[in-house]
Amino acid sequence: MKLTSLAIVALTLSACASRTAPAPSTAAPNASLAAFEEVCLRTAPSFSGAKAAAARHGITDVQDLGFTHMGMAKDNSIGVQIKPDTECVITTPSQKARDLGKAFQQVIARNAETPPAARFPTKARVGGAMFIFQHDRQGGEAFVMLRTKD
């Protein structure tokens, strides 16, 4: 299951890269982290409200692929992948912010019932369930939240 989830993240990132992607973002990274907080963290552990939350961040066309739900904003600035009860991922083009990982840790800590570790991957409890969090900067930014088997 973990391999499948990582493969899906890789597919999402490659989809971002294969489109005519905008230049690396110069916008404040807070927009992508705000999306992760609202779409993933605040709808965990089921992610039942994630599609509606994604729409508030410009991701209005989320496709149900049977095993997961995926969508991108029309300008390709942000993407989402939602696997109900299992996984939530926000992707963006590369951002120049060096402290993006630290800011991501702060967003996790603000919403977690247990403090995350200072390095990625990290685990934290959200909504009564344990999740693994990862920040992948290869070919863009991927903020990943994957539920563990408790």
Side-chain angles (χ1 to χ4, degrees), residues 1-25 27-95 97 100-101 103-112 116 119-150:
M1 180 172 87
K2 290 180 186 176
L3 186 56
T4 303
S5 296
L6 290 175
I8 293 170
V9 170
L11 258 172
T12 302
L13 288 174
S14 68
C16 290
S18 68
R19 297 179 186 205
T20 308
S25 176
N30 294 343
S32 57
L33 293 178
F36 182 84
E37 186 168 24
E38 186 176 352
V39 175
C40 298
L41 287 164
R42 292 192 183 149
T43 65
S46 69
F47 307 120
S48 62
K51 284 190 215 177
R56 290 189 290 275
H57 289 272
I59 307 167
T60 55
D61 187 22
V62 177
Q63 300 292 314
D64 182 350
L65 303 176
F67 61 96
T68 194
H69 305 268
M70 295 176 76
M72 293 286 290
K74 289 181 181 179
D75 65 358
N76 295 328
S77 63
I78 189 166
V80 69
Q81 175 186 312
I82 307 157
K83 190 171 188 179
D85 299 309
T86 306
E87 175 183 59
C88 186
V89 180
I90 294 292
T91 59
T92 69
S94 293
Q95 297 180 33
L100 193 55
F104 183 38
Q105 287 281 356
Q106 292 169 347
V107 169
I108 297 165
R110 188 168 52 237
N111 290 274
R119 301 178 77 193
F120 289 109
T122 187
K123 286 185 179 181
R125 187 170 300 280
V126 177
M130 189 62 79
F131 288 88
I132 297 170
F133 295 87
Q134 177 65 0
H135 178 209
D136 184 356
R137 300 196 88 169
Q138 298 278 338
E141 309 293 338
F143 302 101
V144 181
M145 182 175 185
L146 177 64
R147 190 172 184 169
T148 65
K149 294 186 179 189
D150 295 327

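Remark: Asp85 pairs with Ser46, Arg147 by the side-chain contact (heavy atoms from CB on, under 4.5 Å) rule, at least two apart or across chains. With sequence neighbours excluded, the residues forming a salt bridge (Lys or Arg N to Asp or Glu O under 4.0 Å) with Glu38 are Arg56, listed by chain and number. The salt bridge (Lys or Arg N to Asp or Glu O under 4.0 Å) test applied to Arg119 returns no partner, not counting sequence neighbours.
Within the structure, disulfide (SG to SG under 2.5 Å) pairs that include any residue of residues 39-69 comprise Cys40-Cys88 (at least two apart or interchain). The salt bridge (Lys or Arg N to Asp or Glu O under 4.0 Å) pairs that include a residue from residues 41-54 are Glu37-Arg42, where partners are two or more places apart or lie in different chains. Every pair passing ring-ring contact (aromatic ring centres under 6.0 Å, His included) that includes a residue from residues 38-60 is listed here, sequence neighbours excluded: Phe47-Phe131.
If you take CD on Gln106 and CG on Asn111, they are separated by 12.0 Å, rounding to the nearest 0.5 Å. With rounding to the nearest 0.5 Å, the separation of CE in Met70 from CD1 in Ile59 is 11.0 Å. Taken to the nearest 0.5 Å, the OG1 atom of Thr86 stands 9.5 Å off from the NZ atom of Lys149. Annotation: the span from Ile78 atom CD1 to Ile90 atom CD1 amounts to 5.0 Å, rounded to 0.5 Å. Note that CG of Leu33 is 5.5 Å distant from CG of Leu100, once rounded to the nearest 0.5 Å. Atom OG1 in Thr92 sits 8.5 Å away from atom CZ in Arg137 (nearest 0.5 Å).
In this structure, the side chains of Phe133 and Val126 come closer than 4.5 Å at one or more pairs of heavy atoms.
Taking both residues in full, the closest heavy atoms of Gln134 and Phe104 are given as O-CE2, 3.6 Å, listed atom of the first, atom of the second, then distance. Scanning all heavy atoms of the two residues, the minimum distance from Gly139 to Ser94 falls at C-OG, 4.2 Å. Shown here for Ile108 and Ala124, the closest heavy-atom pair between the two residues is CG2-CB, 4.1 Å. Heavy atoms only, all atoms of each residue included: Ile132 and Pro121 are closest at CG2-CB, 4.0 Å. Nearest heavy atoms, Ala44 versus Met145: CB-CE, 3.5 Å. Between Pro93 and Ser77 the shortest heavy-atom distance is CD-O, 3.2 Å.
Ring geometry for Phe120 versus His135: interplanar angle over 60°, hence perpendicular rather than tilted (30 to 60°).
Listed for the Thr91 side chain is no donor-acceptor partner under 3.5 Å among the backbone atoms of Glu141.
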